[in-house]
Structures are given as structure tokens and as C-alpha cells.
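What follows is a single structure, written as C-alpha cells, with notes after it.
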There are 2 protein chains.
Amino acid sequence: MLLTDRQLLILQVIVDDFIRSAQPVGSRSLSKKDGISLSSATIRNEMADLEELGFIEKTHTSSGRVPSEKGYRYYVDHLLSPQDLTQHDISIIQSIFAEKIFEFEKIIQRSASILSELTNYTSIVLGPAVSVNKLKKIQIIPLNKETAVAIFVTDTGHVENRLFSLPPSVHAGDLEKTVNILNDRLNGVPLEDLNDKIYKEVAMLLRQHIHNYDLMLHTFAQLLKMPITEKLFFAGKTNMLSQPEFHDLTKIRDLMTMIDQEEWISNIIRNNSKGIHVKIGSENNNKIMDDCSLITATYSVGEEKLGSIAILGPTRMEYSRVISLLQLLSKDLTAVLTKLYQNN
Amino acid sequence: MLLTDRQLLILQVIVDDFIRSAQPVGSRSLSKKDGISLSSATIRNEMADLEELGFIEKTHTSSGRVPSEKGYRYYVDHLLSPQDLTQHDISIIQSIFAEKIFEFEKIIQRSASILSELTNYTSIVLGPAVSVNKLKKIQIIPLNKETAVAIFVTDTGHVENRLFSLPPSVHAGDLEKTVNILNDRLNGVPLEDLNDKIYKEVAMLLRQHIHNYDLMLHTFAQLLKMPITEKLFFAGKTNMLSQPEFHDLTKIRDLMTMIDQEEWISNIIRNNSKGIHVKIGSENNNKIMDDCSLITATYSVGEEKLGSIAILGPTRMEYSRVISLLQLLSKDLTAVLTKLYQNN
DNA sequence: GTTAGCACTCATTAATCTTGAGTGCTAATT
DNA sequence: AATTAGCACTCAAGATTAATGAGTGCTAAC
């Protein structure tokens with residue numbers, strides 16, 4: 001199944017052209033292109049071969065050709081022209097990191113926004129996996145007689161907080177003691193293990209030192225029972241509405257509804273190893289995404305993968321550009337975060 | 001411009017019917033309705049009058065009638081049948097508050113989701129105005145030699161946090177002293193005034209007690225320069241896609257893009273006094289919302305307004321139901337929050 | 001191996017027709 | 001005087017038909 005150079009050229013031009021115009025590409029228009037000096041008849045012959053091999057398709061008997069999924073796949077794997085980021089693109093990406101005071105969520109959200117602006121597709125960023133972060137400090141701050149807020153800080157600087165009702169009969173001193181014990185014992189424990197640990201290691205200590213041991217344990221266990229899932233950040237959800245392949249309302253509705261299924265999206269994106277991944281059409285294993293491609297990248301701290309960035313667009317996506325953008329952003333995010341957190 | 005009872009009845013039935021079916025209402029179908037025992041001809045006469053008065057309109061010369069904006073306005077002001085929440089609705093709303101540990105954002109987000117599920121419209125909830133909350137406590141937690149996280153807790157239990165680079169030459173003791181001074185001086189100050197206050201009242205004290213006074217002041221001033229805007233929570237954005245009045249793609253796109261303009265939405269919703277407000281079509285002063293109605297309610301702590309809840313739907317909205325739902329949710333949210341925060 | 005030429009296909013658009021729900025008006029009825 | 005039946009008229013929406021043109025496959029000549 002080896003393609004001749006001429007076939008490769010024609011395939012590449014067809015894909016490029018279709019990505020640009022969203023219109024089926026005909027033999028005549030191809031023959032007029034710079035870089036191709038063949039008659040339309042010759043091209044028709046080659047296109048017939050390419051179709052037989054499954055790389056391109058017709059939308060109806062007498063239409064021009066459109067890349068098939070296999071065609072896109074081949075294009076992505078072998079025919080991508082590597083680079084086309086402008087200086088402008090690059091400086092916009094870098095502007096994400098301009099501020100000195102970091103609010104991590106803002107950076108992530110900004111990344112998503114800028115990515116969707118630059119590409120006109122939908123961007124999805126999966127926040128860091130907080131639940132594997134290690135506890136640095138617990139603090140309890142009473143607001144009034146009955147209410148207090150509990151604050152959990154991780155080694156990465158992530159802050160979780162919960163409002164809770166103070167058990168009515170609790171001593172201020174006991175509360176402080178308990179917090180001290182917790183900090184002493186739970187420092188460095190991943191958030192997801194806190195609930196376990198508090199029963200296994202802290203319960204006993206509490207019993208020895210605290211008056212109302214039972215109530216206190218229960219209160220804190222409640223607080224620590226936190227199913228922390230990574231937050232998802234979207235931007236440019238509406239960009240899909242402008243893509244000509246989605247002029248069908250029911251398609252749009254299905255797609256939008258699917259995008260709003262956060263857990264589902266989250267799963268797809270999370271379970272990717274480091275590096276760039278391209279899923280084309282049905283490779284996404286979802287009927288609704290048959291006309292979509294999803295390109296994912298990851299960002300890390302040092303060598304440890306932290307979260308993911310993704311772009312969702314039509315299969316007729318500007319693969320080359322999107323991949324370059326994701327590579328750049330992934331690299332920059334990783335660099336900034338690594339610098340920030342490395343030396344713990 | 002007084003309407004006869006019969007005209008009121010007919011207007012009400014037309015609006016109710018159109019809200020249900022989205023189809024222009026004809027004289028014949030009206031005459032067949034229970035509660036109306038008039039011939040179609042009579043109804044045609046009455047409808048002609050109602051049209052002359054501006055309460056209903058035709059979509060074309062020989063079509064049935066559709067409520068005009070004025071018609072909806074009259075309907076909302078005078079003809080609403082008050083109640084139609086089922087026990088089911090009520091218990092779903094109350095399920096929002098089932099959990100004991102409060103993460104305020106989750107409650108708000110859940111409110112939005114449930115509201116949009118119950119109504120099939122888009123719901124928008126404006127989070128509490130944090131910037132008027134008063135500072136309760138500042139804490140600095142160093143993560144490593146170079147980075148620390150600053151935590152600000154308000155009297156309402158809201159927690160803000162910022163990651164920042166520690167000035168390289170800073171003493172641990174000085175840092176602690178500074179934080180103490182800040183807590184001493186800034187307790188009870190609304191967040192929005194912090195930046196002012198630090199220059200006016202804290203700067204001098206710092207100079208007296210702290211070594212590297214200049215650097216420290218600058219660092220904290222940076223941290224406190226926080227433009228905290230209320231967060232917006234959306235749910236059911238896609239519900240609009242299912243409304244028959246929006247089968248037009250460009251309309252949908254405009255609407256969706258508008259919804260994504262968070263500041264704009266935020267302004268509209270924020271500037272409402274307590275109670276329920278109904279804005280119909282062009283009353284929203286925005287071309288894109290000419291076919292939409294926006295119903296807003298507020299939630300409070302005690303007497304003080306805290307935030308807003310809104311439902312965005314087509315002008316052909318189930319006003320009665322939506323208003324009842326918003327009233328209920330507003331009441332419950334206020335009750336829960338008041339109980340939680342009242343006694344500061 | 002390449003190209004010109006020709007018959008054929010089919011999506012798209014515009015033009016025409018048909019149908020039916022609904023109206024306004026007038027004259028008859030209550 | 002209010003109500004209703006009857007009739008002519010209007011217009012959106014859907015179906016049918018026709019015209020156009022971009023594009024193809026195939027064959028025969030180069």
C-alpha cells in the first residue's frame with residue numbers, strides 16, 4: 001500500500017485545500033494549483049486510485065473529493081508541514097504568563113481562552129490533579145460561635161476550603177490541639193488518603209488528648225471526606241457553531257450537550273500519557289464526535305504529569321497549527337510550573 | 001384602555017396556549033377550549049380589538065395571533081395564575097441544601113443546575129459580592145524557599161488565595177511580624193479597601209518594625225491589589241438550543257456569544273434591587289435579547305442583599321412557574337445563609 | 001503515461017402549484 | 001345589540017419540476 005510521490009502530493013493538497021475551504025476538491029481546481037502541472041484528467045485517475053485505497057471520498061457520485069478519516073490519519077502521521085506559528089502567536093501565548101502573582105486557576109483559564117481565540121476551536125483544559133498533592137497545612141479559622149472555615153493547603157500551593165458548623169460543646173483549646181495533631185500527623189499525606197489516615201493514625205492520639213474525642217473525630221472526618229476532582233476549564237464553546245460542518249441544529253445540540261457532560265470529557269482527556277495525541281473522528285469512540293477531532297497535550301511539573309490541555313474541532317481541523325500551539329503552550333506551562341514548584 | 005372580562009380571558013388563554021405550544025393561536029381552536037363558549041367569529045372580533053390595543057399580533061396577514069411584548073407584560077402584571085409548584089419541585093429545590101459541610105460555590109453551582117433542569121431554560125447565578133466582605137484573617141504559608149501562598153479569609157467564610165514569590169532577602173521573623181501587623185490593622189476592613197488602607201495605616205508601622213520595609217510593603221500591596229469580581233455560575237446554556245424560536249443558527253450564535261460575555265451579564269443581573277424582576281424582550285435593551293425574557297431574584301443574608309439568581313428563556317417563557325421557583329429558591333438560599341452567617 | 005473530449009450524475013437554486021389554517025366582512029339569527 | 005354562519009381572500013409551508021453547473025468516469029488520440 002505504498003503511495004507514489006505524486007499521490008502523496010495530491011493527497012496533501014486535497015487535505016490542505018479542504019481544511020481551508022470546507023468544500024470538496026475537484027480535479028480541475030487541483031490542476032490549476034501551483035506546484036501541480038498535470039491535467040485534470042490525470043488527476044482524476046490518481047484520485048480514483050486514492051479513493052480506492054480509502055484515503056479520500058466523494059460526497060455524492062459527481063462531487064469533488066473529501067479526505068476520509070484514513071486520509072486525515074495519514075496526513076497527520078506523515079504529511080504535516082511542521083511549523084507555522086507567527087511571532088504574533090508566540091507572543092500572545094507568552095502573555096499568559098506575564099503576571100507575577102499567580103492565581104493558578106486564572107492562568108489555566110487564560111490558557112484556555114487564548115487557545116480558543118487563536119484557533120477558533122473549543123479548548124478544554126484539565127486542572128491539576130489536586131488529590132495526589134500532599135498536605136502542607138491545615139488551619140481552622142472560627143468565624144463565629146457556631147461556624148468555622150477549614151483550610152487545607154497542599155505542597156503545590158493549592159488551597160481547599162470548607163465551611164462547617166462547630167460542634168456546640170467544643171473547647172477552643174481542644175480545637176487547637178486537634179489541629180496541631182492533625183498537622184503533625186498528616187503533613188505530606190496526599191489529599192486522597194487523608195480520610196483513611198485520620199482513622200488509622202490520628203484517632204488514637206485524639207482519644208488520648210482530647211475531651212470530646214468522638215465528636216471531634218467525626219467532624220474532621222467529614223471535612224476530609226472530600227472527593228476532589230480536577231476542575232475543567234472551557235473556552236470557545238461557541239466556536240463550533242461557526243464551523244460549516246455543524247450547520248445542523250441537532251448535531252450542534254448533541255455536541256454541546258456532550259461537552260457539558262464534564263465527567264465524560266474529563267475522563268477522555270485525563271487518561272492520556274505525556275505528549276501530543278490526535279484522535280480523529282470515530283477514533284474518539286463516540287457517535288457524536290464522528291465529525292470532530294480532539295488533540296490533547298499535557299503539562300507537568302518536572303517529569304510528573306500534572307494536567308492536560310485539549311482542542312476540540314472539526315475533523316477538518318488545522319492540525320499543523322493546533323499541534324504547534326499545543327506544543328508551545330505545554331512547554332511554557334511546564335516550564336513555569338516547574339520553576340514554581342520544583343524545589344519542595 | 002380597560003379590557004372587558006371576556007377580553008382578559010381570551011388574552012390569558014392566548015398567552016397560555018402560545019407558551020405551551022409555540023404556535024400562533026387561531027380563533028377556531030380557541031372556541032373549542034373548555035371555559036370558552038363562544039363561536040370562532042365572536043372570538044375573531046375580540047381578537048381584532050385586542051390586536052388594535054396592541055396586546056396581540058399576527059405573524060402574517062392570515063395567521064393566528066401571538067402575544068406581543070405588551071401582551072406578555074400585561075399577562076405578567078395582571079393575569080398570572082399564582083402557584084403551580086408540585087411537591088416534587090419543592091423537594092428537589094430543597095435537596096440543594098442537604099449537605100452539612102458547605103462549600104459555598106458548590107451550593108451556588110448546584111442551584112444553577114437544578115434551576116435549569118427544572119425549567120429547561122438557562123440559569124445564571126451571581127455569586128456573593130466578596131469585595132464588600134470584611135477581612136477576618138490573613139495567613140502566609142511558605143511552600144519552599146522561594147514561594148509562598150497568601151490566604152485571605154473573610155467574615156463570611158470566603159477564602160481567597162494567591163501564590164507569590166517570596167522576596168529573596170526576607171527574614172522569616174519579619175514575615176511573621178508583618179502578617180501580625182496586617183491582621184492587627186486590617187481586621188474588619190472590606191476587601192476592596194485593603195489596598196488603600198495598607199498604604200495609609202500599615203506602611204508607617206511597618207517602617208518602624210521591619211527590616212526590609214520597602215520590599216515587604218510592595219509585596220503585600222501587590223497581593224492585596226485584587227480586583228475581586230463576583231463569580232458567575234451558569235447552567236443549561238444549551239437549553240436555548242431546544243427552544244423553537246431559536247432554530248436560526250445565527251440567532252443562536254449571537255445569543256451564545258452574548259451569554260459568554262460574562263461582565264455584561266454580570267452587570268445586568270447585579271444591578272437589581274431585592275425581589276423578583278421580569279424583563280421582557282426589548283426591555284432588556286439589547287437587540288440580541290429581543291426574543292428573550294430575563295427573570296431575576298436575589299438572595300440575602302438577613303436584610304443585606306448578597307447575590308442574584310436569574311433565568312433566561314424565550315419571551316414565550318413559563319413565567320408563572322419560573323417566578324414560583326425563583327421565589328422558593330431565593331427564600332431558601334437566604335434562610336440557609338442567614339442562619340450560617342447572621343451572628344458575626 | 002498523459003491528455004482531450006464527451007456523456008452522464010447529482011446537489012443546488014429558483015420557479016410554480018397545492019394545500020390548509022386562519023382572517024375580515026357581511027348578512028342572518030338570537 | 002350581541003352573536004354566529006358563511007364566504008371570499010391571504011399567505012406560509014411543502015411538494016413538484018426545471019435549469020444550472022461543477023464534477024466524474026471512460027475512451028480514444030497523442
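Quick note on labels: first sequence line is chain A, next is B, and so on, each numbered from 1.
Side-chain nitrogen and oxygen atoms of B/K58 include none within less than 4.0 Å of the OP1 or OP2 phosphate oxygen of D/dA12. In this structure, B/S63 does not reach the C/dG22 phosphate: none of its side-chain N or O atoms is under 4.0 Å from OP1 or OP2.
Ranking C/dC10, D/dC11, C/dT3 by closeness to the B/T61 side chain, first place goes to D/dC11. The side chain of B/S62 lies closest to C/dT23 when the candidates are D/dT24, C/dT23, C/dT3. Checked against D/dG25, C/dA4, C/dC25, the side chain of A/R44 finds its nearest nucleotide in D/dG25. Distances were taken from every side-chain heavy atom of A/N45 (C-beta onward) to each of C/dG22, D/dG25, C/dT3; the shortest belongs to C/dT3. Here C/dT2 is the nucleotide among C/dT2, C/dT3, D/dT24 with the atom lying nearest to any side-chain atom of A/R6. Side-chain atoms of A/E51 lie closest to D/dG25 of the nucleotides C/dT23, D/dG25, D/dT4. Of the candidates D/dA5, D/dC11, C/dT23, the closest approach to any side-chain atom of B/S27 belongs to C/dT23.
Although no hydrogens or angles enter the test, the distance criterion places no donor-acceptor pair under 3.5 Å between the side chain of A/S27 and the main chain of A/R44. A donor-acceptor pair under 3.5 Å is absent between the side-chain atoms of B/R316 and the main chain of B/C292, judged by distance alone. Using a distance-only test at 3.5 Å, with no hydrogens or angles considered, no donor-acceptor pair links the side chain of B/Y72 to the main chain of B/M317.
In this structure, A/R65 atom CZ and D/dG25 atom P are separated by 4 Å, rounded to whole Å. Counting to the nearest Å, the C1' atom of C/dT2 and the CD atom of A/Q7 are 15 Å from each other. Atom CG in A/D49 sits roughly 14 Å away from atom C1' in C/dT2 (whole-Å rounding).
The base of C/dG22 does not come close enough to the side chain of B/R28 for any donor and acceptor atom to sit less than 3.5 Å apart.
Residues A/D291 and A/T315 have side chains that never bring a donor and an acceptor to within less than 3.5 angstrom of each other.
Annotation: of the two residues near DNA chain D, B/H60 and B/A41, the 5′-most nearest-nucleotide partner is B/A41.
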